[in-house]
Amino acid sequence: MKISSPVFLSFLVASAHGATYTISDIVAGPKFFDFFEFQTIPDPVHGRVNYVDRTTALKQNLTFAGDANSIVRADFKTVLNPKGPGRNSVRIRSKKTYMTHVAVFDVHHMPQGCGTWPAIREMNVSQWPNGGGLVDMLEGVNDQTPNVVTLHTNEGCTMPASRDQTGISRQNNCNRLINNNAGCGVESPTTKSYGPPFNSNGGGWYIVERASTYIKIFFWPRDSTSVPDDVRNGSISINTDMWGTPIAFFPDTSCNMTQQFSNHNIVIGLSLCGDWAGGLSFGESGCPGNCVDFVNNNPGAFTDAYFDFASIRIYQSRFKRNVIETNS
Ligand SMILES: *[C@@H]1O[C@H](CO)[C@@H](O)[C@H](O)[C@H]1NC(C)=O
Ligand SMILES: *[C@@H]1O[C@H](CO)[C@@H](O)[C@H](O)[C@H]1NC(C)=O
Ligand SMILES: *[C@@H]1O[C@H](CO)[C@@H](O)[C@H](O)[C@H]1NC(C)=O
Ligand SMILES: *[C@@H]1O[C@H](CO)[C@@H](O)[C@H](O)[C@H]1NC(C)=O
């Protein structure tokens, strides 16, 4: 091994501690939905939705997997009987669970419109809401931008007031049992992170990095000039240490990550109305009348209530690069 300059040496030190991960799952193309199970459960957030199974979703084209686009949507054709079930929609969860990993969501479009409450999150569907932790990576209601990234935990997990992130902290106690389960949220610094501005910009890359001692959320809008090459290229290995400051940083300073977060499923869903979207937020967002009536009577208002994924890529196996092997 030859070390010829201090510059080279600092590169060696950096890469020796690099958070490097290797691809484990590429979720894209016609088999996109094989990665998931369809959750035909009553909506946990009491939305005006009816989560359908895979056969129904396929038949009604609520899910569609092409070569470059995978669509997850709510029905936009049916006027509902007010006494009948809610609007057909989809909630899917990964069959696999993950501990330490990076998940890169390349998203072209997310659901928009009055009454919508889309989410991409990580949680253990067998444990939550009694534990296991919840990471809301992309979530919001009624087109209110920006996105808010939030952790929800059991008692005993708080975040330092000042930390290395570009987003703005709302609350620093992640405990689900206080503040009406608001969790410890961080507002994205850009309006392009959610809803119509996200969509008109062609979406972007949402990324969760779950390490043993921290959770980071990164986001790059489609038109960003600072998207890391390994993200843009969908490289087989990635180094999150080279990505700069995340929008949200949740360190383990006063939160035992091992204790608070179990093995997580990836969950993608679209609710309508319910506890948050159907509450005060509906009128505050300039949406007309009552959310449930709106959903029942206006199928055409949901033509843009869909996710369009280019791909989801999961990386695992954090390892420290072997300096001698790499540079000798
Ligand atoms: C199903 O949805 C896809 C994606 O939105 C669309 O391209 C396709 O035309 C739809 N098929 C039908 C039969 O409506
Ligand atoms: C949730 O966690 C439990 C305990 O670690 C695990 O056995 C189970 O597989 C997880 N649930 C799902 C649905 O994967
Ligand atoms: C990504 O792709 C660009 C353009 O094709 C290439 O120049 C660059 O080396 C690639 N980066 C990585 C990390 O693969
Ligand atoms: C964190 O929790 C795990 C699992 O309960 C425990 O084994 C570990 O000792 C805890 N770490 C600290 C620093 O308290």
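In listed order, ligands and their atoms are each counted from 1. It should be emphasised that the depicted structure is a prediction, and the values quoted were computed from it without experimental measurement.
With ligand atoms numbered from 1 in the order given, ligand 2 contributes 13 (C) to contacts under 4.0 Å with heavy atoms of Val125. Using a 4.0 Å cut-off to heavy atoms of Asn256, the atoms of ligand 4 that qualify are 1 (C), 2 (O), 3 (C), 8 (C), 10 (C), 11 (N), 12 (C), 14 (O). Which parts of ligand 4 touch Gln259 is read off a 4.0 Å heavy-atom cut-off, strictly below it: atoms 2 (O), 5 (O). Near Gln127, the atoms of ligand 2 lying under 4.0 angstrom from a non-hydrogen atom of the residue are 1 (C), 2 (O), 3 (C), 4 (C), 5 (O).
Every N/O-N/O distance between Ser262 and ligand 2 stays at or above 3.5 Å. Backbone and side-chain nitrogen or oxygen atoms of Ser126 are examined, and one is located within less than 3.5 angstrom of a nitrogen or oxygen of ligand 2. Inclusion of Lys95 in the set of residues having an N or O under 3.5 Å from an N or O of ligand 2 is not warranted.
Annotation for Trp128 and His152: closest pair CH2-CB, 3.5 Å, computed over non-hydrogen atoms.
Here the options are Ile71, Thr63, Asn69, Ile120, the test is side-chain contact (heavy atoms from CB on, under 4.5 Å), and the partner is Phe307; only Ile120 passes.
Looking only at distances, no side-chain donor or acceptor of Ser311 sits under 3.5 Å from a matching main-chain atom of Arg313.
Ranking the protein heavy atoms by distance from atom 9 (O) of ligand 2 puts Asn263 ND2, 4.2 Å first. Ile71 CG1, 4.0 Å is the protein heavy atom nearest to atom 5 (O) of ligand 1. Distance from atom 14 (O) of ligand 2 to its nearest protein heavy atom, with residue and atom name: Thr97 CG2, 3.1 Å. The closest protein non-hydrogen atom to atom 10 (C) of ligand 2 is Asn124 ND2, 2.7 Å.
At a threshold of 4.0 Å, the pair Asp34-Arg54 counts as salt-bridged, since one of the basic side-chain nitrogens sits closer than that to a carboxylate oxygen. Taking the charged nitrogens against the carboxylate oxygens, Arg222 and Asp106 do have a contact shorter than 4.0 Å, which makes a salt bridge.
Transitive grouping of hydrophobic side chains (ILVMFWY, heavy atoms separated by less than 4.5 Å) brings Ile266 and Val107 into a common cluster. There is no path of hydrophobic side-chain contacts, each under 4.5 Å, that joins Met123 to Ile314.
Not a single heavy atom of Lys96 lies less than 4.0 angstrom from ligand 2.
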Stepwise side chain to side chain donor-acceptor pair (under 3.5 Å) check, Thr158 with Ser254: CA-CA 6 Å; Thr158 60; Ser254 49; 2.9 Å; yes

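Of the listed residues (Asn69, Thr63, Asn61), the one carrying the non-hydrogen atom nearest atom 13 (C) of ligand 1 is Asn61.
For Tyr306 and His109, the gap between ring centers is short of 6.0 Å.
For atom 7 (O) of ligand 2, no protein heavy-atom neighbour is found at a distance under 4.0 Å. In this structure, atom 2 (O) of ligand 1 has a protein heavy-atom contact shorter than 4.0 Å.
There is no side-chain donor-acceptor pair under 3.5 Å between Tyr98 and Glu122.
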